[in-house]
Amino acid sequence: MSSKRFAEVIVEVKSSGVDRPFHYEVPEAMRDRVHIGTRVLVPFGPRRLEGYIVGLAEAADVTKTKAILEVLDDEPPLTPDLVELASWLSERYLCTRAASVQALLPSGMRAKASTKLQLVDEPPAVTPGSLEAELLHTLQESPNRTKEQLIAEHPRWRSILREWTAKGILKESYQVKQGAQMKTVVYLTCAVQGESFQSALAELGRAKKQKEVLAYLFDQGEPVLMKAVLSELNASTATLKPLVEKGYVQKELREVLRDPYGIEHGRLEQPLPLTPLQRSAYDQIAAAVASEKPETFLLHGVTGSGKTEVYLQAIASCVQQGRQAIMLVPEISLTPQMVERFKKRFGDAVAVMHSRLSAGEKFDEWRRIRQGDVTIVVGARSAIFAPFRSIGLMIIDEEHEASYKQDDHPKYLAREVAMYRGRQHGATVVLGSATPALETRWWAHQGQIGLLEMSDRVLGQNLPKVRVVDMRNELQEGNRSMFSSSLKQGIEKRLEKGEQIILFLNRRGFATFVLCRSCGYVARCRECEIPLTYHKARGLEQLRCHYCGYAERMPHVCPDCGGDHVRHFGTGTQRVEEELNRVFTGVNVIRMDVDTTSGKGSHADLLQRFRNREAQILLGTQMIAKGLDFPNVTLVGVISADTSLFVPDFRAAERTFQLLTQVAGRAGRHQLPGEVIVQSYNPQHYAVQFAKQQDYDRFFQHEIRVRYGVHNPPFCELTAFTSVNVNEDESLRIARKLEERLRNAFGGREDVTLLGTSPAPLSRLQGKYRFNVVLKYGRFKQVAEQIRSVYQELAQEAQKAGGYLSIDVNAQMIL
DNA sequence: AGCACGCCGACT
DNA sequence: GTCGGCGTGCTC
């Protein structure tokens, strides 16, 4: 840190045009407060914007420089490694550095500058009834309105304001408001001692309550929380006011950190003894952490093998060495019970981070991490950005979960961020799962990452019986309903016994596929092996591949068996609920899907109601797969394995296998014997069969060959572009042009495959038409520059056309 | 991104 | 003649 005459600032504007450092002079008085990572307020054109410093220099490479207006932090919120991480995120996921920094910092961190206006002595002469008169009136009536507010309400006032400011009629000054405020609480102290205390009591005379409060505070002899005093003595602020005014009691504001969980942990729990397999996994992780070299492991442990205990002890060992640990869990698993388990083991050393915290709570948890008050963070995806000084261990539990990919910019994959930070900090990354993502398992297989296997169940619990019902037989026997006779009987039996039932509708998609109900045939693309999707446009029934764009006419006779039971498929939870009510009269059903769980806390509420046995049946999508630990549930039904098997996504088989395995592994963990019924028109499908047998290895062997055959990850990486526009022709035109540009850039390259323009699986969303172009390549580094320049050009053109072009590097799902 | 400037058509 | 439409270009 040689000199600080000039600062290189990235301005908080999410536009590629300004995503580069701008130079600002650092006023003498600010020199010792600016560092790399410090946020500042800078003039930018006619505006004032927040920005953050990425470099300091003796000279600027441009002649005209403005000066920094204000330094927004005493401590830089971004450590140098986080500044570096932000740059990497922008390069890897093709987004602006402003977007990356926003992802790194808690949302409440953003400061906003507004402009205050002040009329200077003589008001200007205005024509009555004119715009000027109206503005003048507003300025005089409500002098607290900011310039930005006024312009937002009346855009035409802008030029007048500018003119008046130039003429000196108006004076502008800016004020900065930090996003999240520090929370303060009031403490009270008795301000009178000894004799003056006695005389104060006397002076209060008949004010009994006031005397009581004063005496209480005098006895305490130290500042007491106001809230505690009031509730203890059953007093109100009205009692307090005169005491403060007379100077007997002193008020004091203290900053506090909000505690979103407030779990009383009492005495900390001790680690549990480890089984030999757990010990072996633990030893290897602990050794890697101690080595301070970046290393990644897959911890492949079956459900019930005790992964969490390994995590807890590995974290303990990391913390013992004076380094910090991050533990990621899927958002939906981050329940109070889960947090409690950590708090009971580590007490106050744990911070929690997830999206349901309020902005203020997030801000405070973040500050506790930044200040070094905690050494462990448990959180959802974004907790991977925890601003620790020296990370020793990062754990991603259920690493295969789709929720570890962020769906807006930067569209990062938590696993990749963890590995990058691992290299920065010399930290160990542990990816844990019972059903690892195929890529992860493949890397472990190839020796690129370490493999730790835990194949035994700690408590030797029994697996529930899994029955796969062939729905084709049901049809043959004349049962046209969505419930097989086995499932129907199973439900009836439970209802009679007063036991509970969970029904899954593992429908991830929206797209409808085409299936023959007689033989289970599913129409697929010949090139991609992806199920074709049903479309009806202008009375024409079509099947299209959402991957490559191939289209054919909807068959009315099954190409396989010649039968006429070819139907398009796709059922919502609502329809199942109706059907349930029709078939089982008087049954209480709790339905859980995006519609019924949108409210805050409604997810937990519904599960609690089910736990309280307010309903016999819980019906939902995979979001209920995590909540399977209900002692009274003895039947789990999967309405149709096919609905997740035939979504147009090359990961469909993997996702189905994972879901079914999870269901089978978790149902019936309690005293009552559990049963799982899986309905399918394709009961012989390998994903269904291997899930039934709980055989990950054989599923992996099979699926990896499929991936190799059609050249999909892990044998390549995918980047998806989506052109979006209200105008279908424009949307298509941009996608086509993008395709052409990419073809030019990569023509003849063996390591690159271009999947041409095709309608997105969500082909029309919010009235906008979406087309996809997908690029497959071996190594991102070898295509990054070309992708960047083509993307920038077309993104601009898409914008001119009134739409936009989005990019998803290392796309996990193509929508 | 968001703002200013500048060049065109349609109005009091 | 002027107001306001949006295309273009710049921001240390």
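Keep in mind that the numbers below use all heavy atoms, side chains included, and drop hydrogens, waters and symmetry copies. Letters A, B, ... are given to chains in the order of the sequence lines, protein chains preceding strands, and every chain is numbered from 1. Since the model is a prediction, treat every value here as computed from it, not as a measurement.
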From [atom1] of [X] over to [atom2] of [N], roughly how many Å is that when rounded to an integer?
X	N	atom1	atom2	answer
A:H154	C:dG4	NE2	P	14 Å
A:L161	B:dA4	CG	P	11 Å
A:R20	C:dC12	CZ	C1'	8 Å
A:K147	B:dG2	NZ	P	15 Å
A:E12	C:dC12	CD	C1'	17 Å
A:E8	C:dT11	CD	C1'	17 Å
A:R156	B:dC3	CZ	P	18 Å
A:R48	C:dT11	CZ	P	18 Å

*Starting from the C-alpha separation in whole Å, work towards a yes-or-no answer on salt bridge (charged side-chain N to carboxylate O under 4.0 Å, His left out) for A:D32 and A:K4.*
CA-CA 9 Å; A:D32 52 346; A:K4 297 181 172 182; over 6 Å; no
_Phosphate OP1/OP2 of B:dA4 contacted by A:R158 side-chain N/O (<4.0 Å)_ =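 The answer is yes; a side-chain N or O of A:R158 sits under 4.0 Å from OP1 or OP2.
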By nearest atom, which of the nucleotides [options] is closest to the [X] side chain?
X	options	answer
A:V13	B:dA1, C:dC12, B:dA4	B:dA1
A:R47	C:dC12, B:dG2, C:dT11	B:dG2
A:K66	C:dC12, C:dC3, B:dA4	C:dC12
A:P46	C:dC3, B:dA1, B:dA4	B:dA4
A:T65	C:dC12, C:dC3, B:dA4	C:dC12

*Ring geometry between A:Y791 and A:F721 (parallel below 30°, tilted from 30 to 60°, perpendicular above 60°)*: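 Rings of A:F721 and A:Y791: tilted, as their planes differ by 30° to 60°.
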Looking for any heavy atom pair under 4.0 Å, which part of the strands does [X] touch: base, sugar-phosphate only, or nothing?
X	answer
A:R162	sugar-phosphate
A:F44	base
A:Q799	sugar-phosphate
A:P43	sugar-phosphate

*NZ or CZ of A:R367 within 45° of A:F363 ring axis and under 6.0 Å*: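 Here A:R367 passes the 6.0 Å and 45° test against A:F363.
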*Verdict with supporting geometry, A:R779 and A:E717, salt bridge (charged side-chain N to carboxylate O under 4.0 Å, His left out)*: CA-CA 7 Å; A:R779 297 186 71 86; A:E717 181 175 293; over 6 Å; no
_Could you check whether any side-chain heavy atom of A:D81 comes within less than 4.5 Å of a side-chain heavy atom of A:H425, counting everything from C-beta outward?_
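In short, these two side chains touch, coming nearer than 4.5 Å.
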